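Inspection log for the structure reproduced underneath, given as structure tokens.
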Amino acid sequence: MKSINFWYTADTHFGIDSNNIITREMRPFSNTTEMTNEIVKIWNKQISNDDIIYVIGDFCNYNAQEKDWTGGLAVSGLINAHIILITGNSEERIIAEQFDGDFDKFRDYLVNNSTLNFDDVKRNDYVQVGAGIGAERFFLTHKPVDHDKRCPTLFGHVHRAGGLWRPYGLNIGVDLNHFRLYSDHDILELMEQKTKWWDEDPDNNCF
């Protein structure tokens, strides 16, 4: 039987009018169509159909000027794996403005829509990364300010400005990984480096 692999990412900001994210984060794409196509191609090379991707917020884009949330969510249908979405601030704005603040209504829309590819939608979650002796429990939440003090946190939201790590966890946004997904192995390897080296570096500027 083929094993299921787990993957992690955040802050794709899909949407045909999501032009600001390309400029602000200096993404190497000429337009949103190119960005979407390239990210989908990268992911589909990494994943298999039975795999699960945790997208930790801002899968789509939604703000005062950029409103193509339906087009952003539709990108999920191009991805050849199961997706579990942890809501980010873009999704929370959609819930507030398009679903009358009703999280369950938003979740039902994503999970029960045959054109989309979301297995579940949550505001946060706990997962075990890896198996056996080296496994570690992580908290998943979009904003790093909401991290869990009891275990390391995987977060997004801050893009490049937040750096790859903080004492409480890892920033797994696409802008810090060449738009690739992080695997279980990647997460555990980064945590090992963090614990052995980065947390002990007297010259770091993360505190």
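Side chains included, hydrogens not; waters and symmetry mates left out as well; all remaining heavy atoms used. Bear in mind that the values here come from a model prediction, so they are computed numbers and not experimental data.
Between the CG atom in D17 and the CG atom in D68 there is a gap of 5.0 Å [rounded to 0.5 Å]. If you take CZ on R137 and SG on C151, they are separated by 5.0 Å, rounding to the nearest 0.5 Å. To the nearest 0.5 Å, atoms CD (E92) and CZ (F103) are separated by 7.5 Å. Taken to the nearest 0.5 Å, the CD atom of Q46 stands 5.0 Å off from the CH2 atom of W7. Atom CD1 of I53 sits about 11.0 Å away from atom CG of N5, to the nearest 0.5 Å. Rounded to the nearest 0.5 angstrom, F155 CZ and T141 OG1 are separated by 10.5 Å.
When all heavy atoms of D175 and D11 are compared, the closest pair comes out as OD2-O, 4.4 Å. Taking each heavy atom of K196 and E200 in turn, the nearest pair found is O-CG, 4.0 Å. Shortest non-hydrogen contact noted between I42 and H178 is CD1-O, 3.9 Å. What you find for P144 and H157 is that their closest heavy atoms are CD-CB, 4.0 Å. Closest of all the heavy-atom pairs between N117 and I83 is O-CB, 3.3 Å. For the residue pair A81 and I47, the shortest heavy atom distance occurs at CB-CD1, 3.5 Å.
In the hydrophobic cluster analysis, where Ile, Leu, Val, Met, Phe, Trp and Tyr join through side-chain heavy atoms closer than 4.5 angstrom, L85 is grouped together with F179. Note on L140: it clusters hydrophobically with I187, by side-chain heavy-atom contacts below 4.5 Å among ILVMFWY residues. Put simply, M35 and L176 are part of two different groups of oily side chains (I, L, V, M, F, W, Y) that touch within less than 4.5 Å, one to the next. Connection of I79 to I86 is not established within any shared hydrophobic cluster, with ILVMFWY side chains joined at heavy-atom distances below 4.5 Å, either directly or through further cluster members. Under a hydrophobic clustering in which Ile, Leu, Val, Met, Phe, Trp and Tyr are joined whenever their side-chain heavy atoms come within less than 4.5 Å, directly or via other members, L188 and Y126 fall into different clusters.
Under the 30°/60° scheme for interplanar angles, the aromatic rings of W165 and W198 are found to be tilted. Taking the six-membered ring where tryptophan is involved, the planes of F118 and F59 are perpendicular, since the angle between them exceeds 60° and thus also 30°. The aromatic rings of H147 and Y168 sit parallel to each other, their planes meeting at less than 30°, with 60° as the upper class boundary.
One N or O on the side chain of N31 and one on the backbone of T33 form a donor-acceptor pair closer than 3.5 Å. Using a distance-only test at 3.5 Å, with no hydrogens or angles considered, a donor-acceptor pair links the side chain of S76 to the main chain of L73. Checked by atom type and distance alone, the side chain of S90 never pairs as donor or acceptor with a backbone atom of N61 at under 3.5 Å. A donor-acceptor pair under 3.5 Å is absent between the side-chain atoms of K194 and the main chain of D199, judged by distance alone. Within the 3.5 Å criterion, the main-chain N or O of N19 finds a donor-acceptor partner in the side chain of E66. Distance alone, capped at 3.5 Å, places no donor-acceptor pair between the D50 side chain and the S3 backbone. Not a single donor-acceptor pair under 3.5 Å links the side chain of H82 to the backbone N or O of D51. Without hydrogens or angle criteria, E136 side chain to Q128 main chain gives no donor-acceptor distance under 3.5 Å.
Two residues are said to be in side-chain contact when any heavy atoms from C-beta on lie closer than 4.5 Å; I21 and H159 meet this criterion. With a 4.5 Å cut-off on side-chain heavy atoms, I84 and F6 do not count as touching. Using a 4.5 Å heavy-atom cutoff, the side chains of D120 and R107 are in contact. Between I22 and E34, every side-chain heavy-atom pair lies at or beyond the 4.5 Å cut-off. The shortest distance between side-chain heavy atoms of D108 and K105 does not fall below 4.5 Å. Between N177 and T9 the shortest side-chain heavy-atom distance does not fall below 4.5 Å. Residues Y109 and L116 are in side-chain contact: their nearest non-hydrogen atoms beyond the backbone lie under 4.5 Å apart. The shortest side-chain heavy-atom distance between I94 and C60 falls under the 4.5 Å cut-off.
Between Y54 and F138, the ring centre distance reaches or exceeds 6.0 Å.
In this structure, R150 is not positioned above the aromatic face of F139 in the sense of NZ or CZ being under 6.0 Å from the six-membered ring centre and within 45° of the axis.
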Stepwise, does the side-chain contact (heavy atoms from CB on, under 4.5 Å) test hold for E91 with D58? CA-CA 6 Å; E91 288 85 22; D58 288 356; 3.7 Å; yes

With side-chain contact (heavy atoms from CB on, under 4.5 Å) as the test, would you mind laying out the steps for L190 and L164 before giving the verdict? CA-CA 9 Å; L190 287 170; L164 180 60; 3.9 Å; yes

Take H142 and T87 through the side-chain contact (heavy atoms from CB on, under 4.5 Å) test and state the conclusion after the steps. CA-CA 7 Å; H142 182 62; T87 57; over 6 Å; no

Please lay out, stage by stage, how Y182 and V129 fare under the test side-chain contact (heavy atoms from CB on, under 4.5 Å). CA-CA 11 Å; Y182 289 94; V129 175; over 6 Å; no

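Between the side chains of D186 and S183, a donor-acceptor pair is found at a separation under 3.5 Å. Looking only at atom types and distance, the side chain of Y62 has a donor-acceptor partner in the side chain of E97 under 3.5 Å away. Side-chain atoms of D184 and Y8 include a donor-acceptor pair closer than 3.5 Å.
For R180, the CZ atom counts as loosely surrounded, since its 6.0 Å shell holds 12 or fewer non-hydrogen atoms of other residues, nucleotides or ligands.
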